[in-house]
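Single-structure report; data block below.
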Amino acid sequence: MKDFLAKIKTMNYKQLVLEHGEKIGLGVIGVVALACLGMTNWSSDLSVTPDEMESRAVKVESELKGRNWPDTEKVAFLPLKTAEQETAAAISEINLQKYEWLVEMSPKLYERKRPAGEVEWLPPVELYARYAAIPMGVRSQASASADALADEPAEKTKKTPKKSGKKQGNDADTLLEGAGGAPGMGAGMNAGFGVSGSEKARGVRFNAVVGVVNVLDQQKRLARSMNLDSTLQAAQFLEYLDFKIQRQRAVPGPNPWSGPWKDLSKESSIEVLVNESSDYDLEIVDVKFTDQVFTSPLPRRLDADWWEADLAGHPRIQTLTEEQQEEQDQLNRAANEVVGDEADQKTQRRGFASGQKDAKRMRDAAMGVDGGKAMQDRMRSMGGGAGGRSSSISSKGSGMPGGMPGGMPGGMPGGMPGGMPGGMGSAGTAGLRGTGMGGANAGMGGDASANMLLFRYFDFDVEPGECYRYRVQLEVLNPNFGEAFVDSPSVAEGETRTTPWSAPSTPAAVDRDVSYALARVLTRGSRTDGVDLKVVQFDTNFGTFISDQFKVPYGAYVGAVNRKSLHLDIAAQKFEEEDVTFSSKDVLLDGAGAPNLSNSVMSDLKLSSKQASDLKKAGELDLAVTVDRFGEIMELDASSRQDLEPAIKKVEEERAEYKSIRDADKKLKKEQQKDEDEAKKAGKKKGGRKRKKKDDQNPMRSFGSMGMTQGMPGAGAMPGANSKSSRQPSR
């Protein structure tokens, strides 16, 4: 034992580990492994075989497939929105009034009132002026007489049944039916070419002035000055009554805008729109962005659609597609059929209110009839609503699934902010977003309100060659008129208020009445005898371009009377040679033919005798001088032909779609002669086939009426002197 202990004490442990360390490690691992095996439970509670597991899964799957999804549960998930609808909702304008906190943060025990102050009124902003010339559809004498008869009192005229509102006159396949046009031409032509037999064309020049009225900012200033709790309350006090517009003409000199501002007569523009234009074209923006007073209707144009041209819209307001315009028109027609003339009564509104109806108020009135059921029925009968064409309104920016009837709530809410008992709340307007339904005024209900309104004016009294710019002033109803609780007596004085003048618009230059280029100088013997000019002119009689080359004597106006030339008449669908008149106020002063070039000059220019002769025959070396109505001298040479190329290109583009009319002219004449011969044999009156009568007048057009009224069914009381009791002062 002593020896063993002595060996342990004297043992070299390091050497032991080096020599036998791996054995010790393996022994420890073996002991741990044996301990783990001894502690393992080798029994299992799972008694199901894989086949049984598979059969049980098949049984559960069949049970799930056999169960029906209850309709009550579907409501929470359906209808599913498409990616297009989700995108439209994501990029659409946010209505800040939806998120406005209407509860006072710190209510007081005793109510404290503050007197109302003067409101800061805002003029239109971002005014743009743009020039254009179009062929406008005008009423013939017969149709004008019919309209005058329709304007007579009801007791003097027979009551006619209401129209169905279904469009019939714009079918592309019937545009040229019996009108002297080529068969099959309808497919490639604009919808504006669907003119009626009582419609003619007239060329009009105009400047379109557009801007935006920031309604939301105006409502905020109203709420602040009148000590109201929200912009929703302020909305009922905002009503536009009229507007003024002034024009400034550019003058020669270093400062072209030093001339005076002159008032424009609105009646002149209204006269053209109401009494001359054969109809209104469809509105190109959502009606929620328009105002009956200062948003001019669109005159009927025969050459193109307004939405294709950057003229009548504003960059800050989205333009509707052609399909969306038609869907909006269906809603207007349905509302017009429901309320009819009941919504067209007296009002204080002026401006364009005398020539057009208020679509927003008319729709609200229609929705107040039978809880909106009458409106739904009209939409169904017109092909809209469930299963109809207008059901696509939901996918075009409104978010309304299944069309108008499918997206309508079961009943109308009883009260709206601003005193609109027959209006629509947020539940009702959610399905009509993008169609303009649900609020008579901006800010008067749900998603149909707009934060801005479109100002639009057509100045038809423009002179060729002039440059103009414009400014606008709005007239509004004074919400404090006659009020006693104001901070100053002047606040309650005066029934109306006017905004400051807006900033000037962008300049708009009116094209010259005629463009021309020198063709050649005419000579007779040793003296010149006038010049040949290539002329392009806008024909105000038909609204299309005329172009030709003719002789102009010295000292004469640049023009020609009864000149046989190609002439396009869109209204009559004629494109043939006939007598036209070129006229202008430019005078031809002088001209000089090409001189005889000396040998030294020809040598310097490296011209052969033949080349010099060709240049002389082509008029490449001729010169002419004219003077315009402003007294400016214009020099014409061969390069003037290049300056005329853009005008000639316009003529070619305008006539491109009508060339087939000329090509088919002989064939049509034979067909017409055949029809006349058959008519003679049948004992009928002579005459060709007649174009279909246009009976789908724009429902927004109003002949001499003063638009919407304060007492319209379903619209509630309008703000004004009689609505003082609705004001809620802040505490």
Least distance between heavy atoms, Pro299 atom then Ser277 atom: CA-OG, 3.7 Å

SB check Asp242 Arg350 (cutoff 4.0 Å): yes

Nearest heavy atoms of Leu644 and Ala517, plus distance in Å: CD2-CB, 3.7 Å

Intermediate values then yes/no, side-chain hydrogen bond (donor to acceptor under 3.5 Å, both in side chains), Thr544 and Asp539: CA-CA 6 Å; Thr544 54; Asp539 183 11; 5.1 Å; no

Distance (rounded to the nearest 0.5 Å) between Asp291 CG and Ser296 OG: 12.5 Å

pair Thr626-Leu636: side-chain heavy atoms closer than 4.5 Å: yes

Within 6.0 Å of CD in Glu635, more than 12 heavy atoms from elsewhere: no

Closest non-hydrogen atom pair between Ala250 and Trp257, with its separation: N-CZ3, 3.5 Å

Note, Pro260 side chain near Gln248 side chain (heavy atom, < 4.5 Å): no

Test side-chain contact (heavy atoms from CB on, under 4.5 Å) applied to Glu466 - qualifying residues, sequence neighbours left out: Arg249, Glu463, Tyr468, Arg629, Phe630

With Arg471 via salt bridge (Lys or Arg N to Asp or Glu O under 4.0 Å) - residues at least two apart: none

Residues in side-chain contact (heavy atoms from CB on, under 4.5 Å) contact with Asp281, at least two apart in sequence or another chain: Leu298, Arg300, Arg301, Trp306

Sub-4.5 Å side-chain heavy-atom contact between Tyr240 and Glu475: no

Arg512 with Asp586: basic N within carboxylate O range, under 4.0 Å: yes

Glu267: partners by side-chain hydrogen bond (donor to acceptor under 3.5 Å, both in side chains), with sequence neighbours left out: Ser265

Side chain to side chain, Ile570 and Leu568, heavy atoms closer than 4.5 Å: yes

Where Tyr128 and His314 come nearest, the two heavy atoms and their spacing: CE1-NE2, 3.3 Å

With sequence neighbours excluded, residues passing ring-ring contact (aromatic ring centres under 6.0 Å, His included) with Tyr516: none

Polar side chain donor-acceptor pair, Ser278 to Glu199, under 3.5 angstrom: yes

Candidates Val285, Asp286, Thr290 - the one meeting side chain to side chain contact (heavy atoms under 4.5 Å, CB included) with Lys288: Asp286

Tyr457 and Phe352 aromatic ring geometry - parallel, tilted or perpendicular at 30°/60° bounds: tilted

Residues forming a salt bridge (Lys or Arg N to Asp or Glu O under 4.0 Å) with Lys534, sequence neighbours excluded: none

Side-chain heavy atoms of Leu320 within contact of Ile284, under 4.5 Å: no

Qualifying residues under salt bridge (Lys or Arg N to Asp or Glu O under 4.0 Å), relative to Asp548, sequence neighbours excluded: Arg563

Partner set under ring-ring contact (aromatic ring centres under 6.0 Å, His included) for Phe542, not counting sequence neighbours: His567

Sole candidate of Trp501, Phe294, Phe455 that passes ring-ring contact (aromatic ring centres under 6.0 Å, His included) when paired with Phe243: Phe455

Test item: Thr506 and Leu127 side chains (from C-beta on) under 4.5 Å apart, heavy atoms: no

Side chain Gln246, main chain Leu264, donor-acceptor under 3.5 Å: no

Check: Asp628 and Lys585 side chains under 4.5 Å, non-hydrogen atoms: no

With sequence neighbours excluded, residues passing side-chain hydrogen bond (donor to acceptor under 3.5 Å, both in side chains) with Arg130: none

Set of residues satisfying ring-ring contact (aromatic ring centres under 6.0 Å, His included) with respect to Tyr470, sequence neighbours excluded: none

Minimum side-chain heavy-atom gap Asp637-Asp622 below 4.5 Å: no

Heavy-atom donor-acceptor pair, Arg247 side chain to Asp459 backbone, under 3.5 Å: no

Residues that Glu126 engages under side-chain hydrogen bond (donor to acceptor under 3.5 Å, both in side chains), provided they are two or more places apart: Arg316

Donor-acceptor side-chain pairing of Asp513 and Ser584 below 3.5 angstrom: no

With sequence neighbours excluded, residues passing side-chain hydrogen bond (donor to acceptor under 3.5 Å, both in side chains) with Glu276: Arg202

Shortest non-hydrogen contact between Gln642 and Pro646, atoms and distance: O-CD, 3.7 Å

Minimum heavy-atom distance between Ala509 and Tyr131, given as atom pair plus value: O-CB, 3.5 Å

Plane angle bin for Phe550 and Phe582 - parallel if under 30°, tilted between 30 and 60°, otherwise perpendicular: tilted

Salt-bridge criterion met for Lys244 and Asp263 (N-O under 4.0 Å): no

Donor-acceptor contact present, side-chain Glu283 to main-chain Gln325, <3.5 Å: no

